[in-house]
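Each ligand, and each atom within it, is numbered from 1 in the order the structure gives. For reference, positions follow the sequence shown, starting with 1. It should be emphasised that the depicted structure is a prediction, and the values quoted were computed from it without experimental measurement.
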Amino acid sequence: MKLSFSFGFTQLLLASIICFASLAQFTSAQGVQISDEQIYTVSARLAESANASWEMGTRAQAILELNATRYSVFDSSSLPPPNDVPSDLNNAMQPYWDLAARIMDDWNGTTDGQPQPLMPDGSAADPASNGITILLANWTGQSLPDSVDQGVDYAIAAKSQLDFLYSDNVPKTSDGAISHRTSQVQLWSDYVYMVPPFLAYYGVLTNNRTMLVEAYNQCKLYRSYLRDEATGMWRHVLLGRSGNDEGFWSTGNGWAAAGMLRVHATIKNSQFASSLKGEKKDLEKWVEEIHKAVYSHDSTHIFTNYADQPATADGNFYDAAGTALIAATVFRASSELGKRKYKYLGNARDAWDALFTTTASLDQGSNFTGYAHFTEDGWLQPVVNPHSYSVEGSESAEGQAFVVMLYAARRDWENGASGAKARIGLAVSMAAGVLYALL
Ligand SMILES: *[C@@H]1O[C@H](CO)[C@@H](O)[C@H](O)[C@H]1NC(C)=O
Ligand SMILES: *[C@@H]1O[C@H](CO)[C@@H](O)[C@H](O)[C@H]1NC(C)=O
Ligand SMILES: *[C@@H]1O[C@H](CO)[C@@H](O)[C@H](O)[C@H]1NC(C)=O
Ligand SMILES: *[C@@H]1O[C@H](CO)[C@@H](O)[C@H](O)[C@H]1NC(C)=O
Ligand SMILES: *[C@@H]1O[C@H](CO)[C@@H](O)[C@H](O)[C@H]1NC(C)=O
Ligand SMILES: *[C@@H]1O[C@H](CO)[C@@H](O)[C@H](O)[C@H]1NC(C)=O
């Protein structure tokens with residue numbers, strides 16, 4: 001091939017156009033947009049509705065991921081976080097500390113009593129989703145409500161919750177998986193979000209490596225029981241005498257992936273990162289295999305309640321909540337695992353576009369008008385009933401939290417990308433332009 005260096009005017013013009021077009025592609029925001037104000041509306045619905053144990057725990061994590069990333073494990077700084085809350089985070093953290101105080105206000109435990117969960121619940125696991133909230137309130141020296149008994153404090157409540165999980169009040173499998181329920185040994189995929197992140201964080205704050213290994217082991221054990229070899233997806237509820245759900249619940253696959261990513265991030269940013277490389281690698285693999293499995297059922301970009309079943313199947317329907325959570329874990333995985341070209345980003349972007357698409361003008365302040373997947377006042381829809389997972393519901397606190405997490409995960413992904421992207425974009429477009437002119 002002979003390269004000609006005689007640049008014609010047309011060639012130069014075309015070269016410049018290619019140059020700018022590819023630059024624009026790299027620098028402009030892509031896809032359907034949603035504003036901060038709209039996400040605050042979603043946050044308001046979340047704050048109003050999160051009242052069950054795991055909803056409070058999930059809301060707490062959403063607050064950190066959206067508004068106080070320094071205290072989220074997905075921040076790139078090393079753990080533990082500062083004891084003194086930076087003053088610019090005071091407002092953002094207030095609702096988080098309010099949750100901690102509310103839990104302590106209702107807490108029945110005593111200094112010398114039996115180990116207690118943070119709140120009464122038939123689930124052994126769900127109250128523990130608030131464990132990090134209580135640990136951080138202790139770590140940053142938050143004040144206690146006046147109602148709290150003399151001698152009781154955040155650290156005591158957190159320890160009591162931890163001890164409760166290992167007490168005889170909570171059954172275990174013979175190989176040590178802690179039951180999701182108190183009344184019988186029963187494993188739920190939800191557990192992976194509720195318990196292991198708490199164990200790992202506890203280990204970081206108390207400088208106890210064994211607890212990080214235990215967090216990893218709980219993920220490993222749950223995967224060994226719930227993951228289906230044939231499809232790669234996780235079943236929802238197994239091992240119980242009654243009330244099992246063998247289906248591949250979409251939200252459950254999301255809980256598992258999201259929980260394992262939090263454990264991964266906690267290990268990665270911890271003082272034990274270098275001695276837990278193998279554990280990190282496994283968690284990474286286990287998150288990816290969930291994405292691979294669920295996104296093989298992504299024909300409409302909105303998952304059904306049981307991802308492998310059509311919306312028309314008995315008891316099945318479209319579920320935007322599980323869709324949002326799974327998509328959030330894809331953006332997180334890409335950032336967290338350092339995979340800028342993570343294979344499932346396209347699926348997550350398609351889910352984003354489907355969830356946030358609107359027929360109305362894009363600049364509507366905090367309003368939601370003309371959205372297919374939000375009511376006017378910002379409730380995600382359609383959603384599985386979070387209090388009865390086999391039927392469709394109307395307002396889902398966890399669904400609201402998943403939207404907040406999806407938004408934060410994509411924002412952080414874009415921010416992580418922008419520096420490198422602008423440089424690559426410039427290089428690629430220049431190269432393309434020059435090449436065109438030469439040929
Ligand atoms: C919130 O939860 C508490 C404790 O589970 C319950 O007593 C109360 O009725 C709930 N409030 C609402 C508004 O659902
Ligand atoms: C984030 O901060 C905004 C602005 O203060 C607030 O409206 C919103 O409720 C917060 N979101 C969450 C999930 O805390
Ligand atoms: C505390 O004890 C009371 C009375 O036994 C009970 O109704 C309540 O649910 C308990 N609250 C917690 C947080 O354990
Ligand atoms: C509670 O906070 C104190 C002070 O930062 C710290 O020394 C202690 O380890 C914390 N306890 C737990 C259980 O995190
Ligand atoms: C570390 O955690 C393990 C597992 O929970 C516990 O048995 C051990 O006592 C802890 N070590 C210290 C020094 O607290
Ligand atoms: C948002 O909705 C309110 C109430 O319907 C309306 O008054 C307001 O003009 C809307 N704002 C925008 C920017 O569309």
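- Salt bridge status for E279 with K220: absent, with no side-chain N to carboxylate O gap under 4.0 Å.
- Close contacts between ligand 4 and L135 involve ligand atoms 13 (C), 14 (O) [criterion: under 4.0 Å to a heavy atom].
- Aromatic pair Y389/H236: centroids less than 6.0 angstrom apart.
- Each of K268, R332, K339, K277 was compared with E284 under the salt bridge (Lys or Arg N to Asp or Glu O under 4.0 Å) criterion, and only K339 meets it.
- Ring centroid separation for the pair F402 and W255 comes in under the 6.0 Å cut-off.
- Classification of the Y191-Y222 ring pair by plane angle, with boundaries at 30° and 60°, yields parallel.
- For ligand 2, the atoms lying closer than 4.0 Å to a non-hydrogen atom of L66 are 1 (C), 11 (N).
- Between T206 atom OG1 and K159 atom NZ the span is 10.0 Å, to the nearest 0.5 Å.
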Contact table, ligand 5 N/O with protein N/O, distance under 3.5 Å:
unit_1: ligand 5; atom_1: 2 (O); unit_2: N208; atom_2: OD1; d: 3.3
unit_1: ligand 5; atom_1: 2 (O); unit_2: N208; atom_2: ND2; d: 2.3
unit_1: ligand 5; atom_1: 11 (N); unit_2: N208; atom_2: ND2; d: 2.8

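- Taking the six-membered ring where the residue is Trp, the centroids of F374 and F356 are separated by under 6.0 Å.
- With ligand atoms numbered from 1 in the order given, ligand 4 contributes 5 (O) to contacts under 4.0 Å with heavy atoms of N83.
- Annotation: N67 places an N or O atom under 3.5 Å from an N or O atom of ligand 2; distance criterion only.
- Close placement of the F368 and Y371 rings is indicated, their centers lying within 6.0 Å of each other.
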